[in-house]
Novice: 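So that we are looking at the same thing, I have put the structure below in structure tokens.
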Amino acid sequence: MEVIKIKGTDDTPSIVLDKDNEIFEISGRSLPEDVTAFYEPILNWLDEYAENPNDKTVFSFKLVYFNTASSKLLLDILMKLEEMHENGNEVLIKWYYPEDDEDMQEAGEEYAEIVDIPFEQVSYVL
Amino acid sequence: MDKHNIKGFLEFVYDFYRSMKAHEITLVYEGEITHQITKAFTSLTESNMAKEDESNTVQKKVFHVMVECLQNISKHADTFGSDDYLFAGRGIFMVSKGTKDYHVTTGNVIENRKIEELTEMLEEINSLDKDGLKQLYKKQMKEGRVTDKGGAGLGFIDIVRKTGNKLEYHFLPIDETNSFFLLSSSISRTN
């Protein structure tokens, strides 16, 4: 399957979606000019991946900032993963937050309440 | 401009400067709000705050509020007058810094027919406590009311949640179809 590798900028996140090497990660800052257009290829990729996923998918979110427009798209990603989980695939979300960033920690907790997937909160030092 | 007018104009510039100082305004802009403008203003403010040793928490909050406020103007400000005079996506944007807090203030044209709905939304958000705001944010995010414009609701809720302060707002009538919508958020410097 095609590998998605997007290098982050000061307003768009780094994204790696690599089925063969089992890397699924979004990190950095997310406030793209056009959120829908930015995340569309990611959501399409996940649709294709969901047809024949790995035995286990560990998806990492390691964001330091995202705006409210991005928050909806992040939920869309999580909902696709939730669907995979519902279909009997093993999925784990790892939500990384800087240890002093309560807002980012809370954002993870909220997503965990909305979607029904195994969710792990991981704090790290920036 | 003749000589007299130039002098009058330059005096106005000085008055303007003094009134900016008096109101502790660190950034003021009137015009179209684009993504480039948003990036420039946020990075300028970020580097100013870093220079002044503002805490990380405060810096992050100011950044959040600025992004959401600028996005509200660029996506929701209405057209007023002919297209080449004032167009959609324009407004005034201001950051001021007092001893206790930062204020981010925006102003833009809004059609009178939208005022009632907007007021209801702002009043609802201002009436909620921490948990109520969280529930409303989750609800709006789930319902996916992010239209092609991107919903303003989430932005307002996010500002109140991040700052812990209510939104101050005011509508000033322009004519029978339009008003000027002013919105001010404050971010405490001592948390």
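Computed from a predicted structure; not experimentally measured. Proteins come first, then strands; the chains are lettered A, B, ... in the order of their sequence lines, and each starts at number 1.
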Novice: Within a radius of less than 6.0 Å around CZ of B:Phe16, do more than 12 heavy atoms belonging to other residues, nucleotides or ligands occur?
Specialist: no
Novice: Taking atom CD of A:Glu86 as the centre, does the number of heavy atoms from other residues, nucleotides or ligands within less than 6.0 Å exceed 12?
Specialist: yes
Novice: Quick check: do B:Lys60 and A:Asp103 have side-chain heavy atoms less than 4.5 Å from each other?
Specialist: no
Novice: Tell me which one of B:Glu68, B:His64, B:Gln71 satisfies side-chain hydrogen bond (donor to acceptor under 3.5 Å, both in side chains) with A:Thr68.
Specialist: B:Glu68
Novice: Closer than 4.0 angstrom, basic N to acidic O: yes or no for A:Asp11 and B:Lys39?
Specialist: yes
Novice: Taking a hydrophobic cluster as the set of Ile, Leu, Val, Met, Phe, Trp and Tyr residues connected by side-chain heavy atoms closer than 4.5 Å, whether directly or through intermediates, do A:Ile23 and A:Met84 fall within one such cluster?
Specialist: no
Novice: Would you mind checking which part of A:Tyr65 comes under 4.5 Å of any heavy atom in chain B, side chain (CB onward), backbone (N, CA, C, O), both or neither?
Specialist: side chain
Novice: Just to verify, which of B:Arg161, B:Lys138, B:Lys142 counts as forming a salt bridge (charged side-chain N to carboxylate O under 4.0 Å, His left out) with A:Glu110?
Specialist: B:Arg161
Novice: Sequence neighbours left out, what pairs pass side-chain hydrogen bond (donor to acceptor under 3.5 Å, both in side chains) with at least one residue falling in residues 37-51 of chain A?
Specialist: A:Ser30-A:Tyr39, A:Asp47-A:Lys80, A:Tyr49-A:Thr57
Novice: Between A:Glu106 and B:Lys134, is there a side-chain N and carboxylate O pair less than 4.0 Å apart?
Specialist: no
Novice: Which atoms of A:Leu75 are under 4.5 Å from chain B, going by heavy atoms: the side chain, the backbone, both sets, or neither?
Specialist: side chain
Novice: Within the 4.5 Å heavy-atom criterion, are B:Leu154 and A:Ser71 side-chain neighbours or not?
Specialist: yes
Novice: Out of curiosity, B:Gln36 CD to A:Glu33 CD, how far, rounded to the nearest 0.5 Å?
Specialist: 7.0 Å
Novice: Relative to chain B, which segment of A:Asp76 carries a heavy atom at a distance below 4.5 Å: side chain, backbone, both, or neither?
Specialist: neither
Novice: In Å and rounded to the nearest 0.5 Å, what is the CG to OG1 distance from A:Leu31 to B:Thr42?
Specialist: 7.0 Å
Novice: Is the count of non-hydrogen atoms from other residues, nucleotides or ligands lying under 6.0 Å from B:Met20 atom CE greater than 12?
Specialist: yes
Novice: Among pairs that include at least one residue of residues 103-126 of chain A, which meet ring pair (Phe, Tyr, Trp, His ring centres under 6.0 Å), considering only residues two or more places apart or in two chains?
Specialist: A:Trp95-A:Tyr111
Novice: Would you kindly confirm whether B:Leu27 and B:Ile37 end up in one hydrophobic cluster when ILVMFWY residues are joined by side chain heavy atoms under 4.5 Å apart?
Specialist: yes
Novice: Would you indicate whether B:Glu52, at its atom CD, is surrounded by more than 12 heavy atoms from other residues, nucleotides or ligands within a distance under 6.0 Å?
Specialist: yes
